[in-house]
Amino acid sequence: MELLERSRRLRSVPPLRELVRETRCSKSSLVYPLFVKEGRNLKEEIPSMRGQYRYSPDRLLFELEQLSNAGIGSVLLFGIPKQKDACASGAYAQDGVIQTALQLAKKEFPNLYYITDVCLCEYTSHGHCGILSGQTVDNDSTLPVLAKTALSHVQAGAHMVAPSDMMDGHVSALRRELDKHGYTNTPIMSYAVKYASAFYGPFREAAGSAPAFGDRKTYQMDYHNRKEALKKAQQDISQGADIIMVKPAMSYLDIVRETAGECRVPVAAYSVSGEYAMIETAASAGLVDREAIICETAVSIYRAGANILISYHAKELAKFMDEGRIG
Ligand code: PBG
């Protein structure tokens, strides 16, 4: 049969398939999220996210060593304080959990790159991402608290801050505060495109941060919207965001693609707790091939255009990249 075009020609053997891959990913683009819990000598498995743990600052160091050996260069830290209150005072306390962890970690592993999540929900007694006025999350009175929190992280050693609160004007509030204190070169990675998503369920159990009433729909984005994502990304860039994040990843690959195409800054995608939990649960039920699914979902996020992947599977992905299974 005369068939001039044969797609199978380029699929015949592994080295050729690898040669013609259109998507390349590397370990240097991975970020591993970590939960740091106030206390000592703690390493608690998170029931909703088997294989992920809450570490006290002293125990975090062991995990950082493993990450560093695995070739992971960057971590994203979330804090879980002992006490929560209405004004989230644990978020910016000098001896807060993140601040303490950063001081220890920077001393032991100065070559890792430390990014911190800046939000109030882990620190408020009501679980909302901002300060309340009655039953409403008050945008403008939340901004100075976020700014103070970001500054305290940077003063404790954070290399980059990542505001995930979804308040309007948060990036400029942080940028101004950091600049005022001389941190003009500290980048901001904005969770600009963050949808109100059920995929955060396991995280909220991990961090004890589920809202005590209502939901996050008055500040996080409605998942019916696509243009709004671009508008929000542009807004944050004009306020000084250096990196734009899209979150979640798996059900939002169209948004990753479009944001990557439209924005002239690096785009990060966060494969969130629910994505992790679904893969782990389906794999442990014997329904899918765990490693294959981890590889396939990660590559799909890069293929959509992400430059940076934040993933609870980062350690394993680093191994798969080393082995040439993906990348
Ligand atoms: C804090 C925050 C959340 C996540 C990242 N930062 C939870 C939320 O918005 O409720 C979710 C991460 C994950 O699910 O892995 N606002």
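All ligand and atom numbering here is 1-based and tracks the order in the structure. Residue numbers start at 1 and run along the sequence shown.
Ligand 1 places these atoms under 4.0 Å from at least one heavy atom of Phe78: 5 (C), 6 (N). Proximity to Tyr270 (heavy-atom distance under 4.0 Å) selects the following atoms of ligand 1: 12 (C), 15 (O). Interface of Asp117 with ligand 1, defined as ligand atoms under 4.0 Å from a residue heavy atom, comprises 6 (N). Listed by atom number, the atoms of ligand 1 under 4.0 Å from Lys247 heavy atoms are 2 (C), 3 (C), 4 (C), 5 (C), 6 (N), 11 (C), 12 (C). For ligand 1, the atoms lying closer than 4.0 Å to a non-hydrogen atom of Cys121 are 1 (C), 16 (N). Set against the non-hydrogen atoms of Ser164, the atoms of ligand 1 under 4.0 Å away are 1 (C), 2 (C), 6 (N), 16 (N). Residue contact check: Arg216 has heavy atoms under 4.0 Å from atoms 8 (C), 9 (O), 10 (O) of ligand 1.
In the hydrophobic clustering (ILVMFWY side chains linked at under 4.5 Å, chained through shared members), Met1 is joined by Leu3.
A donor atom on one side chain and an acceptor atom on the other are not found under 3.5 Å apart for His313 and Glu291. Counting only N and O atoms by type, the side chains of Gln52 and Tyr32 include a donor and acceptor under 3.5 Å apart.
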Using distance only, find each side-chain donor-acceptor pair of residues 314-321 under 3.5 Å and give its atom names and separation, not counting sequence neighbours.
unit_1: Lys315; atom_1: NZ; unit_2: Glu63; atom_2: OE2; d: 2.8
unit_1: Glu316; atom_1: OE1; unit_2: Arg290; atom_2: NH2; d: 3.3
unit_1: Glu316; atom_1: OE2; unit_2: Arg290; atom_2: NH1; d: 2.7
unit_1: Glu316; atom_1: OE2; unit_2: Arg290; atom_2: NH2; d: 2.7

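At a 4.0 Å heavy-atom cut-off, ligand 1 touches Cys119 through the side chain alone.
Taking atom 14 (O) of ligand 1 as the reference point, the nearest protein heavy-atom neighbour is Ser273 OG, 2.6 Å. Distance from atom 2 (C) of ligand 1 to its nearest protein heavy atom, with residue and atom name: Lys194 NZ, 3.4 Å. With respect to atom 15 (O) of ligand 1, the closest heavy atom belonging to the protein is Tyr312 OH, 2.6 Å. Distance from atom 12 (C) of ligand 1 to its nearest protein heavy atom, with residue and atom name: Phe203 CD1, 3.4 Å. Remark: minimum distance from atom 10 (O) of ligand 1 to any protein heavy atom is reached at Arg204 NE, 2.6 Å.
For Tyr114 (side chain) and Ala105 (main-chain N/O), a donor-acceptor pair under 3.5 Å exists by modelled atom type. Between the side chain of Gln239 and the main chain of Ser172, a donor-acceptor pair closer than 3.5 Å is present.
Rounding to the nearest 0.5 angstrom, the gap separating the CG atom in Leu34 from the OH atom in Tyr53 is 12.5 Å. Atom-to-atom distance recorded for Arg17:CZ and Leu10:CG is 11.0 Å, nearest 0.5 angstrom.
Residue Leu178 forms a side chain to side chain contact (heavy atoms under 4.5 Å, CB included) with just one option from Arg176, Lys180, Arg175, and that option is Arg175.
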